[in-house]
Protein chains: 2
Amino acid sequence: MNDKPDRKQEILQAAIACFNELGIEATSIDAIRTRSGASVGSIYHHFGNKEGIVAYLFLNGLDDYWQRLLAALQQAADAEAGVRAMVSCYVEWVLASQDLARFIFQARTLVSRSAQGEQLLQKNKENLRAALGYFKPWLERGELRQLPPELYWALIVGPAQEYCRAWLSGRVKADPRSLIVPLADAAWRAVGG
Amino acid sequence: MNDKPDRKQEILQAAIACFNELGIEATSIDAIRTRSGASVGSIYHHFGNKEGIVAYLFLNGLDDYWQRLLAALQQAADAEAGVRAMVSCYVEWVLASQDLARFIFQARTLVSRSAQGEQLLQKNKENLRAALGYFKPWLERGELRQLPPELYWALIVGPAQEYCRAWLSGRVKADPRSLIVPLADAAWRAVGG
DNA sequence: TAATATTCTAGAATAAAATTCTAGTGCAAG
DNA sequence: CTTGCACTAGAATTTTATTCTAGAATATTA
């Protein structure tokens, strides 16, 4: 049994818990220190500063999501399956990683201004391009409606995102899982050919 | 000519400029003090603390938006007009108040945890109820598709919101004004009967 | 209008938080 | 061994938020 604590991981877990309970801005390094049992020096050694912790959690969290999404898209046989996969994949990810998702909604702006902001922009662009790559054949086959290209993402995932955001913050109650089908139906009506 | 400076207003303007340029967390009271020309004491007199400034800007900004939205809904003759009004009203508001909108996207969580969080929740509930009030007759007349009630908002405004958010942060370029029609079309396909 | 209260402004003083610095500890490669 | 390096600890410093005290401006009222 390996009981050597992994400090970096402990710090990350303490941080995300604090961020969600208190909010990012209101979380002090000292709160993270206390909760994780690490020392100040240790925290700064691993992450540089508070922003560094936020950026690390954010970028790795997003990676996890995009990995799932792209895998799902790859399996989709046609446009409708692809669109439905994007919606359900999004909702399932939020459900499976609630704390992370809640955190990510709050951290976006912070990260985009941080030292890692450029990296985020880069990843974002790559991921989106990869996703749109799957769309091209569907578009050519006329399975998808012709729309301004920058709109597809917002039309397909926007409603699920908006709903999940509200759900994670407690503003609405209905379990997102029960809404996957209506959300996917609506997304398909919005962009389907 | 009345050249007496309104300190409160000067502080608010300096604050929103700083928040947008530096981010809320990275904006120090001192930055606001310098930019507004007010003193620390004055700032704390008017707003209590930094959170107070954020909450004030946020709540008043939202009020402005909801006022427009409810006015637009009131004029809508049928469901389709109502849905289209919700979309265009949203986009027009973002375009007309870019700095405020950008700020509001970032401040939501902060405000909901602040002393004014309860007030926000309250207003939110009222506004949503008022908006859904307009929907009732349309639903009864079958002009709107039957859907889980908590979904209408996300389906209609979600995509516009997601797009505007990306546009305000520079991730996408196409002028939102040119997308009002496709966004409204899609919203109507999503919820129209 | 003078007296009095209230709101507002200023900036120094204090408290709280972030970050840096110095000094280790323990482990792995040679 | 012993040298180098990643890691940890916590004190010291710097930066930032907030509080406090006092005085100026403005409104209120007798």
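Just so it is clear, the model here is predicted, and its values are computed rather than measured. Chain naming here is simple, since letters A, B, ... match the order of the sequence lines and numbering starts at 1 in each.
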In B/S/- notation, 5' to 3', how is nucleotides 7-14 of chain C contacted by protein heavy atoms closer than 4.0 Å? -BBBB---

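What separates CZ of B:Phe47 from P of D:dA17 is a distance of 16 Å, to the nearest Å. Note: CD1 (B:Ile53) to C1' (D:dT18) measures 12 Å, nearest angstrom. Taking atom CZ of B:Arg33 as the reference point, atom P of D:dT18 lies 15 Å away to the nearest angstrom. Across the protein-nucleic acid pair, A:Ile43 atom CD1 and D:dT8 atom P stand 10 Å apart, rounded to whole Å. If you measure from atom CD of B:Glu25 to atom P of D:dA17, you get 10 Å, rounded to the nearest angstrom. Following rounding to the nearest Å, A:Lys50 (NZ) and D:dT15 (P) show an atom-to-atom distance of 18 Å. We find that CG of A:Asp30 is positioned 17 Å from P of C:dA15, with the value rounded to whole Å. Look at CG on B:Asn49: it is 11 Å from P on D:dA17, rounded to the nearest Å.
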Find every protein N or O atom lying less than 3.5 Å from an N or O atom of nucleotides 25-27 of chain C, and list the pairs.
none

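Of the possible polar contacts, none joining the A:Tyr163 side chain to the B:Leu151 backbone as a donor-acceptor pair under 3.5 Å is found. Side-chain atoms of A:Arg189 come within 3.5 Å of backbone atoms of B:Ala190 as a donor-acceptor pair (strictly under, hydrogens ignored). Not one N or O on the side chain of A:Glu162 forms a donor-acceptor pair closer than 3.5 Å with the backbone of B:Val157.
For A:Asp78, the side chain to side chain donor-acceptor pair (under 3.5 Å) test picks out no residue, with sequence neighbours left out. Annotation: side chain to side chain donor-acceptor pair (under 3.5 Å) contacts of B:Gln67 (sequence neighbours excluded): none.
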Could you pull out every donor-acceptor pair under 3.5 Å between side chains of residues 128-140 of chain A and any protein atom, sequence neighbours left out?
none

Without placing hydrogens or testing angles, list every side-chain donor-acceptor pair under 3.5 Å for residues 55-65 of chain B, not counting sequence neighbours.
unit_1	atom_1	unit_2	atom_2	d
B:Asp63	OD1	B:Lys123	NZ	3.2
B:Asp63	OD2	B:Lys123	NZ	2.7
B:Asp64	OD2	B:Trp93	NE1	3.3

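Ionic pairing of B:Glu25 and A:Arg113 is not present here: no N-O contact between side-chain nitrogen and carboxylate oxygen is shorter than 4.0 angstrom. With salt bridges taken as basic N to acidic carboxylate O contacts below 4.0 Å, one links B:Arg177 and B:Glu92.
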